[in-house]
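Only one structure is covered here, and it is reproduced in the block below.
Atoms considered below: every heavy atom in the structure, side chains included; atoms not considered: hydrogens, waters and symmetry mates.
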Amino acid sequence: MFTIGDFARHGRVSVRMLRHYDAIGLLHPARVDPHTGYRFYTADQLALLNRVIALKDLGFTLEQVGAILDETVDADELRGMLRLRQAELEEALAASRARLAQVGARLRAIESEGRMSTQDVVVKKIPAVRIAELSAVAASFGPHDISPVIGPLYDELCGRLEAAGLTGFGPGIAYYEDAGKGDGSILVHAGMTVPEGTVVEGVEVHVLPGIEEAATVVHRGSMDTILPTAQTLARWIEANGYETRHYARELYLECPEDRSQWVTEIQEAIVRA
């Protein structure tokens with residue numbers, strides 16, 4: 001027979017762990033000296049210990065391991081437990097691969113720019129939101145064409161909301177789509193978040209759908225200078241194995257009179273390429 005120390009060494013576990021297994025009824029020693037309390041194990045028990053360790057390595061809890069060893073879990077239940085564990089491991093592996101890709105992209109950015117980017121891209125879920133909006137057509141998606149259109153839209157929208165007695169609305173959300181003319185023109189939607197039940201004459205109120213997975217980056221400064229930030233986001237999306245199918249949204253977080261102090265979050269829906 002083995003002493004608990006020898007058995008622990010052969011089984012590649014700690015003495016403390018063997019005592020714990022004994023306490024919870026998972027693996028009792030073959031004999032306990034009635035005078036000294038010393039625990040002794042047999043060589044045959046190594047097979048049981050190995051099975052415990054193997055099941056733990058698969059991710060089962062000690063309670064689940066005990067049920068499996070006691071044969072209170074039938075084959076169908078065990079198969080289901082293993083499939084669930086397989087799905088959990090695959091999900092964790094996919095998340096690790098995504099993080100690895102992000103690390104690689106950041107390293108490449110540092111190597112190419114010689115410095116750490118201050119614009120961090122964050123992937124997150126964007127919830128649906130109720131907005132009041134006005135829309136108009138811009139000649140292109142370039143800032144030089146968007147700004148002259150979206151500014152007056154927001155001035156008009158805020159004026160109508162205030163005239164309707166609404167206060168505390170916002171922040172603003174702008175989104176874009178092709179105007180359908182075949183000339184590169186863009187339909188600009190200028191919206192403000194509003195509470196449920198909002199009705200304003202001449203203003204469309206609806207729920208803007210959420211985005212299941214969006215790459216986001218914060219732009220600080222005037223919207224006229226947004227192009228480098230948008231390009232940073234585009235490079236990140238490509239480098240991390242994603243692609244986009246829609247124009248980015250803009251969430252206006254802070255809009256003081258000094259436009260150079262604006263804070264805007266760009267939100268772009270992404271899917272795996």
Practice task
Would you confirm whether Arg160, through its side chain, and Gly202, through its main-chain N or O, come within 3.5 Å as a donor-acceptor pair?
Solution key: yes
Fill in the blank from the handout: Between the CD atom in Gln45 and the CG atom in Leu18, the distance rounded to the nearest 0.5 Å is 9.5 Å
Fill in the blank from the handout: Heavy-atom closest pair (Arg272 atom, Tyr242 atom, distance to 0.1 Å) is NH2-OH, 3.2 Å
Practice task
Applying side chain to side chain contact (heavy atoms under 4.5 Å, CB included), run through His206 and Ile131 and close with a yes or a no.
Solution key: CA-CA 6 Å; His206 66 102; Ile131 64 171; 3.8 Å; yes
Handout entry: Same apolar cluster (I L V M F W Y, side chains within < 4.5 Å links), Ile211/Val129
Key = no
Exercise for the section: Could you tell me whether the side chain of Val121 reaches within less than 4.5 Å of the side chain of Leu233, counting heavy atoms only? Expected result: yes
Exercise for the section: Would you mind reporting whether Phe169 and Thr193 have side-chain heavy atoms less than 4.5 Å apart? Expected result: no
Fill in the blank from the handout: When rounded to the nearest 0.5 Å, the distance separating CG of Leu227 from NE2 of His219 is 10.0 Å
Practice task
Spell out, as yes or no, whether a donor-acceptor pair under 3.5 Å connects the side chain of Thr225 to the backbone of Ser222.
Solution key: yes
Practice task
Answer yes or no: is there a donor N or O on one side and an acceptor on the other, between the side chain of Asn240 and the main chain of Trp236, under 3.5 Å?
Solution key: yes
Exercise for the section: Please tell me if the side chains of Asp120 and Val217 come closer than 4.5 Å, counting only heavy atoms from C-beta onward. Expected result: no
Handout entry: N/O donor-acceptor pair under 3.5 Å between Ser96 side chain and Ala92 backbone
Key = yes
Problem - Inter-residue atom distance Leu49.CG - Asp44.CG, 0.5 Å rounding - result: 13.0 Å
Exercise for the section: Using distance alone, with no hydrogens and no angle criterion, decide if Asp183 and Ser185 have a side-chain donor and acceptor under 3.5 Å apart. Expected result: yes
Handout entry: Presence of salt bridge, Glu243 and Arg245, under 4.0 angstrom
Key = yes
Exercise for the section: Grab the two heavy atoms, one from Pro195 and one from Thr198, that are nearest each other, plus how far apart they are. Expected result: O-OG1, 2.7 Å
Practice task
Would you check if Asp22 and Pro29 make a side-chain contact, meaning some heavy-atom pair closer than 4.5 Å?
Solution key: yes
Problem - Arg259 atom CZ, neighbour heavy-atom count above 12 within 6.0 Å - result: no
Problem - Pairwise side-chain contact, Glu88 with Glu90, heavy-atom cut-off 4.5 Å (strictly under) - result: no
Handout entry: Pairwise side-chain contact, Leu62 with Lys56, heavy-atom cut-off 4.5 Å (strictly under)
Key = yes
Problem - Residue pair Tyr176 / Val188: nearest heavy atoms and the distance that separates them - result: CE2-CG1, 3.7 Å
Handout entry: Enclosure of His246 NE2 (heavy-atom neighbours >12, cutoff 6.0 Å)
Key = no
Practice task
For side chain to side chain contact (heavy atoms under 4.5 Å, CB included), just list the numbers for Val123 and Glu213, CA-CA rounded to whole Å, side-chain angles, deciding distance to a tenth of an Å, and then say yes or no.
Solution key: CA-CA 7 Å; Val123 176; Glu213 192 171 27; 3.5 Å; yes
Handout entry: Pair Tyr175 and Tyr247, ring centroids less than 6.0 Å apart
Key = no
Practice task
Could you walk me through whether Thr264 and Leu251 pass the side chain to side chain contact (heavy atoms under 4.5 Å, CB included) test, one step at a time?
Solution key: CA-CA 6 Å; Thr264 307; Leu251 174 65; 5.8 Å; no
Problem - Main-chain N/O of Leu46 paired with Asn50 side-chain donor or acceptor, under 3.5 Å - result: yes
Practice task
Examine Ile173 and Val200 and state if one hydrophobic cluster contains both, with Ile, Leu, Val, Met, Phe, Trp and Tyr joined whenever side-chain heavy atoms are less than 4.5 Å apart.
Solution key: no
Exercise for the section: With side chain to side chain contact (heavy atoms under 4.5 Å, CB included) as the test, would you mind laying out the steps for Val32 and Tyr38 before giving the verdict? Expected result: CA-CA 6 Å; Val32 178; Tyr38 290 168; over 6 Å; no
Exercise for the section: Consider only side-chain heavy atoms of I, L, V, M, F, W and Y, link residues closer than 4.5 Å, and tell whether Leu55 and Ile24 are in one cluster. Expected result: yes
Exercise for the section: Considering non-hydrogen atoms only, spot the tightest contact between Ala179 and Val137 and give its length. Expected result: CB-CG1, 4.2 Å
Problem - Side-chain donor/acceptor of Arg85 to backbone N/O of Phe60, under 3.5 Å - result: no
Problem - Student check: side-chain heavy atoms of Val205 and Val194 closer than 4.5 Å - result: yes
Problem - Asp33, Ile4, Asp6 screened by side chain to side chain contact (heavy atoms under 4.5 Å, CB included) with Phe40, the one that passes - result: Asp33
Handout entry: Backbone of Arg235 reached by a side-chain donor or acceptor of Glu238 within 3.5 Å
Key = no
Handout entry: Atom of Leu153, atom of Ala136 and distance for their closest heavy-atom approach
Key = CD1-N, 3.8 Å
Practice task
Would you give the length of the straight line joining atom CD1 of Ile146 to atom OG of Ser140, rounded to the nearest 0.5 angstrom?
Solution key: 6.5 Å
Problem - Over all atoms of both residues, closest heavy-atom pair of Ala174 and Ile150 - result: CB-CD1, 3.6 Å
Fill in the blank from the handout: Rounding to 0.5 Å, atoms CD1 (Ile126) and OG1 (Thr216) come to a distance of 6.0 Å
Exercise for the section: For residues Tyr21 and Val52, determine if any side-chain heavy atom of one lies less than 4.5 Å from a side-chain heavy atom of the other. Expected result: yes
Practice task
Please indicate whether Gln231 has more than 12 foreign heavy atoms, meaning atoms of other residues, nucleotides or ligands, lying under 6.0 Å from its CD.
Solution key: yes
Handout entry: Reported CG-to-CZ distance for the pair Leu27 and Arg39, which is rounded to 0.5 angstrom
Key = 11.0 Å
Problem - Any side-chain donor near an acceptor of the partner, His189 and Glu177, under 3.5 Å - result: yes
Exercise for the section: State yes or no: do Met81 and Ile53 share one hydrophobic cluster built from I, L, V, M, F, W and Y residues joined by side-chain heavy-atom distances below 4.5 Å, directly or via other members? Expected result: yes
Problem - Polar contact flag, side-chain donor to acceptor under 3.5 angstrom, Tyr252-Glu254 - result: no
Problem - Modelled atom types, side-chain donor and acceptor of Gln267 and Glu265, under 3.5 Å - result: yes
Practice task
Following the transitive rule for hydrophobic clusters with a side-chain heavy-atom cut-off under 4.5 Å over Ile, Leu, Val, Met, Phe, Trp and Tyr, establish whether Leu187 and Leu208 coincide in one cluster.
Solution key: no
Problem - salt bridge (Lys or Arg N to Asp or Glu O under 4.0 Å) between Arg249 and Glu268, intermediate numbers included - result: CA-CA 6 Å; Arg249 293 182 186 177; Glu268 192 151 357; over 6 Å; no
Problem - Asp178 (side chain) donor-acceptor with Gly180 (main chain) under 3.5 angstrom - result: no
Practice task
Indicate yes or no for a side-chain donor-acceptor contact from Trp262 to the backbone of Met223 under 3.5 Å, with no hydrogens or angles considered.
Solution key: no
